[in-house]
Student: 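There's a structure below that I have some questions on.
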Amino acid sequence: MAWIETLVNGALLGGLYGLLGIGLALVFGVMRLVNIAHGEFMVLAAYLAVILVGLFPQVHPLFVLIPVVIAAFGVGYLYQAVIMNRVARAPDPLAPLLLTFGVSIVLRNLMVEVFGADVRGLQLGELSRASIRLFGLSIGVMPLLTLVAAVLLFLLLQWALKRTSFGRIVRATADRRDIVRLFGVKPDLVYNYVMGLSLALGAIGGVLLAVRSSFTPFSGVERLLIAFEVVVLGGIGSFWGALLGGIVLGMAQLAGLKWDANAGLLYAHLLFFVMLLIRPAGLVASRA
Amino acid sequence: MTLLEVEDLNVFYGDLQAIFGLAFSVAERESVALVGANGAGKTTFLRALVGLIDGKQGRVRFDGRDIQDTPAEHIARLGLGMVPEGRMLFDTLSVEENLLMGQVSRRSGAWTLPRVFDLFPALEERRNHLPRQLSGGQQQMVAIGRALMCNPRLLLCDEISLGLAPVMVEQIYGAFKNIRKEGTALVLVEQDVKRAAGATDRIYCLLKGRVSLTANAGDVSVTELTQAYFGM
């Protein structure tokens, strides 16, 4: 019974991990760009949430997500428009990759400068500790809400990409960034919106993860690593694969911790390594 | 009235010059063939016209407006459309979604989704298919329909019969009669000189990046054309 509870909790944690990966997967799918700074932007969103919670203690911390997500969208839009679009057309794919790497280092050190290196966390009070009993299992309310939110966000994103004209333009730009111009679409503008969306999704993941575990300005790398593993494990380019990858990773982490309390993320990484050897295309092989 | 006027156009790929001092014009409602051997610069010329190639000098006027420095996404909104060589469909979009991409430019006119389906009934049955599930001819119909959905005043068609079965080519050229009825001017890039001359009013022949012949499609003799085409 205890093991089942561990696996269920792992699956719930996986919803959160899926959220960390989805923003990264979106940007990679549309622009073929790996945004190394994705983790730092997630941590930045968590800092913003902590500041807002401090400024408005009477507001429930979860409502802080709304301004944080809007701000993250704006930051993503500007990040792409001002910095990334300068190299988006470079024939050498290394140039944009190195640029995002540089941005991640700059952001990390700026955060140390501004917020200090102290460990921070986001307290939700009662909600953090609340749990319900389901089929004899004790399930945390917050992890359950996180998984529900992740599934809803995945559905929403899927709908937006498949059913709206914005989504159609994004997919067409991903297919052929030159040819969309013949129909009046400016690819750079599409990229701005996609990066905004990616960082907005990352911000949700970053804030919810800050509720679960504390963070410092250096936490971006761990978050990026999880996001990477989620995306690769699920199958690059597959959104539902990312959610599935997150769930598998979350289960491996909690099962590993139960077995060996000092393991941290070791067993999640080991599972990722083994999966990479036996199924390099990912759990859900991409259609392309 | 002149719809498109090109004067002294030079196009470069880096240090390499592909088009030399080209002069070219298309009148409203006119249909013009552009022929020439492989590597003569036909595709380069069309891509430069619509703004997909940056390295160009000279003067391009469309509908009374200088467009040599206008970015491609703005040129599309002015009503200069293109069916690119190799069709270049959006692979992960369905047939219908490909066609709807033509509407992004928000130009209103005669061509709507139902009208395109009237023109190419085969596409309506396959509206939810992906391009790779279609035959080459049907893919070409999608590419033409997609460009028509922008309601262009001038439509540039690059090698639309390349690699297609003769019966398909027949069908597609039949559709051009309907397209011209709406007053759309055409530029057809073709390898098949005879077919090009049969479907158009005027003919330009390119040789190594220069115009080697221009004539009314009805008057041109085979010897003249052969000489202009091969340069001997």
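All chains are named by letter (A, B, ...) in the order of the sequence lines, taking the proteins before the strands, and each is independently numbered beginning at 1.
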Student: Determine the minimum heavy-atom distance between A:A172 and B:M101, stating which atoms define it.
Tutor: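 Residues A:A172 and B:M101, closest heavy atoms: CB-CE, 3.6 Å.
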Student: Check whether any side-chain heavy atom of B:P84 lies under 4.5 Å from a side-chain heavy atom of A:I179, and answer yes or no.
Tutor: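 In contact.
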Student: Is atom OH of A:Y193 surrounded by more than 12 heavy atoms (other residues, nucleotides or ligands) closer than 6.0 Å?
Tutor: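 Atom OH in A:Y193 is not packed in, count stays at 12 or less.
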Student: Measure the spacing between CG of B:L93 and CZ of A:R176 and express it to the nearest 0.5 Å.
Tutor: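 So the CG of B:L93 and the CZ of A:R176 are separated by 11.0 Å.
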Student: With salt bridge (Lys or Arg N to Asp or Glu O under 4.0 Å) as the test, would you mind laying out the steps for B:D91 and A:R171 before giving the verdict?
Tutor: CA-CA 9 Å; B:D91 303 320; A:R171 284 182 291 136; over 6 Å; no
Student: For the residue pair A:G184 and B:A76, what are the closest heavy atoms and their distance?
Tutor: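 The answer is N-CB, 3.6 Å.
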Student: Which bit of B:I75 comes within less than 4.5 Å of chain A, counting heavy atoms only: side chain, backbone, both or neither?
Tutor: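 Nothing of B:I75, per the 4.5 Å heavy-atom cut-off to chain A.
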Student: Using every non-hydrogen atom in the two residues, find where B:L52 and A:D178 come nearest and quote the distance to one decimal.
Tutor: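 Scanning both residues completely, I find the closest heavy atoms to be CD2-O, 3.7 Å.
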Student: If you count heavy-atom pairs within less than 4.5 Å of chain A, which of B:M88, B:H74, B:M149 leads?
Tutor: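 With the most close heavy-atom pairs to chain A, the winner is B:M88.
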Student: Please check if the number of heavy atoms outside B:R127 that lie under 6.0 Å from its CZ is greater than 12.
Tutor: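 Result for CZ/B:R127: enclosed.
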Student: What distance separates A:F183 CZ from B:N98 CG, expressed to the nearest 0.5 Å?
Tutor: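 Reported to 0.5 Å precision, the distance equals 8.0 Å.
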Student: Is chain A contacted by the side chain of B:P71, its backbone, both, or neither, given a heavy-atom distance below 4.5 Å?
Tutor: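 The answer is both parts of B:P71.
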Student: Does A:V180 reach the side chain of B:V104, with side-chain heavy atoms less than 4.5 Å apart?
Tutor: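 The answer is no; the side chains never approach within 4.5 Å.
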Student: Could you check whether A:K186 pairs with B:E73 (Lys NZ or Arg NE/NH1/NH2 to Asp/Glu carboxylate O, under 4.0 Å)?
Tutor: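 The answer is no: the pair does not qualify as a salt bridge.
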Student: In terms of heavy-atom pairs under 4.5 Å, which option from B:R107, B:Q103, B:E97, B:R77 contacts chain A the most?
Tutor: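 Most heavy-atom pairs within the cutoff with chain A belong to B:E97.
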